[in-house]
Engineer: 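Pasting a structure below so you can have a look.
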There are 2 protein chains.
Amino acid sequence: MIKQISHLGIAVHNLEEAREFYRSVFGVESSEPMVGGNGDLLASMIKLGDSSLELLQPLGDQGPVAKFLNRHGEGIHHVCYVVDDVVAEVESLKNKGMEIIGSPRPGAEGMSVFLHPKSTHGVMTELVEKK
Amino acid sequence: MIKQISHLGIAVHNLEEAREFYRSVFGVESSEPMVGGNGDLLASMIKLGDSSLELLQPLGDQGPVAKFLNRHGEGIHHVCYVVDDVVAEVESLKNKGMEIIGSPRPGAEGMSVFLHPKSTHGVMTELVEKK
């Protein structure tokens with residue numbers, strides 16, 4: 001069961017430009033960029049109540065965010081929902097025929113996993129068990 | 001200034017199928033469908049903590065959600081942020097060169113307005129002043 005929106009991942013070409021946009025236009029501050037993914041992206045978080053925005057700039061042209069930008073241009077890349085137990089969710093979702101991308105792995109917010117958008121009405125979906 | 005994620009608008013071809021998907025796969029219930037937009041869509045809300053998902057099925061083939069589905073297929077259509085004063089935000093955003101789509105108008109959650117994605121790093125953005 002999904003509990004709340006943990007964050008919304010937004011793909012951008014230039015993280016510093018995007019951080020300045022969110023600061024000057026929407027009035028919100030973002031965290032210092034950190035390398036994330038498999039070392040193939042830079043991420044900066046913006047806290048908004050219980051949820052966050054995650055600005056994502058690819059490093060190199062081979063990672064999933066780079067490929068998304070090539071296909072779609074900038075925009076919302078994924079949504080991440082909080083779950084209580086990510087391993088149990090994955091087992092349950094597999095039994096329901098969902099396509100899981102890889103296995104749960106540790107990230108900045110906790111153990112997380114991605115579901116393929118073809119299983120989820122077109123929405124790239126991440127599930128995270130918060131630390 | 002944006003304060004929190006009010007909702008995430010998700011475009012689907014068939015609202016009843018999508019509601020059943022979110023219920024059976026993600027364990028969350030959605031509200032009874034209501035006609036929204038300019039009468040050109042059916043919407044059903046899923047409460048997730050402070051935010052919601054808004055499942056959107058077009059009625060007819062001329063509205064913005066119908067056009068989005070034709071171009072992109074199912075997926076995340078927009079994000080809506082809570083602001084304190086939507087009219088003041090629109091004035092401020094116009095002064096910053098943002099492209100506003102129309103003017104604030106009343107909706108289910110309160111007065112709201114859309115910003116064009118070409119002004120916002122590719123993200124179709126709605127701002128709402130909650131009732």
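Given the structure is predicted, the values throughout are model-derived calculations rather than measurements. Here is how names work: the chains are called A, B, and so on, in the same order as the sequence lines, proteins then strands, and each is numbered from 1.
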Engineer: Non-hydrogen atoms of chain B under 4.5 Å away: do they reach the side chain of V28(A), the backbone, both or neither?
Structural biologist: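 Only the side chain of V28(A) comes within 4.5 Å of chain B.
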Engineer: Does any part of the side chain of E109(B), heavy atoms only, come nearer than 4.5 Å to the side chain of E54(B), both counted from C-beta?
Structural biologist: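 No, every pair of side-chain atoms sits at 4.5 Å or beyond.
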Engineer: Would you call the rings of H72(B) and H72(A) parallel, tilted or perpendicular, where under 30° means parallel and over 60° means perpendicular?
Structural biologist: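 Tilted: the ring planes of H72(B) and H72(A) meet at 30° to 60°.
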Engineer: Where on I76(A) is there a heavy atom nearer than 4.5 Å to chain B: the side chain, the backbone, both, or neither?
Structural biologist: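 Its backbone and side chain both get close to chain B.
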Engineer: Please classify the contact of S24(A) with chain B as side chain, backbone, both or neither, using a heavy-atom distance under 4.5 Å.
Structural biologist: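 When you check distances to chain B, only backbone atoms of S24(A) fall under 4.5 Å.
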Engineer: What part of L53(A) lies closer than 4.5 angstrom to a heavy atom of chain B: side chain, backbone, both or neither?
Structural biologist: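 Just its side chain gets close to chain B.
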Engineer: Flag the one option from E89(B), M124(B), E74(B), M98(B) with the top tally of heavy-atom pairs under 4.5 Å to chain A.
Structural biologist: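 Option with the greatest count: E74(B).
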Engineer: Verify whether one side chain among H7(B) and E126(B) offers a donor that lies under 3.5 Å from an acceptor in the other.
Structural biologist: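 Short answer, yes.
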Engineer: Heavy atoms only, distances under 4.5 angstrom: which of L48(B), L8(B), I10(B) has the most pairs with chain A? Name it, please.
Structural biologist: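 Highest number of heavy-atom pairs under 4.5 Å: L48(B).
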Engineer: What part of F21(A) is in contact with chain B, defined as an atom under 4.5 angstrom from a non-hydrogen atom: side chain, backbone, both or neither?
Structural biologist: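 For F21(A), the side chain is the part near chain B, not the backbone.
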Engineer: What part of I2(A) gets within 4.5 angstrom of chain B, counting heavy atoms only: side chain, backbone, both, or neither?
Structural biologist: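 Both parts, heavy atoms under 4.5 Å.
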Engineer: Side chain, backbone, both or neither: which part of K3(A) has a non-hydrogen atom closer than 4.5 Å to chain B?
Structural biologist: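 It is the backbone, since no side chain atom gets that close.
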Engineer: Is it the backbone or the side chain of L55(A) that comes under 4.5 Å from a heavy atom of chain B, or both, or neither?
Structural biologist: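 Neither part.
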Engineer: Mind checking whether L41(A) and V35(A) have side chains closer than 4.5 Å, heavy atoms only?
Structural biologist: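 No, every pair of side-chain atoms sits at 4.5 Å or beyond.
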Engineer: Quick check for you: to the nearest 0.5 Å, what is the distance between S44(A) atom OG and L15(A) atom CG?
Structural biologist: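 Rounded to the nearest 0.5 Å, the OG-CG separation comes out at 5.0 Å.
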Engineer: May I ask you to test the L56(B)-F68(B) pair for a side-chain heavy-atom distance under 4.5 Å?
Structural biologist: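 No, too far: nothing below the 4.5 Å cut-off.
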Engineer: So do the side chains of V65(B) and D40(B) get within less than 4.5 Å of each other, counting heavy atoms only?
Structural biologist: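 No. Closest side-chain heavy atoms not under 4.5 Å.
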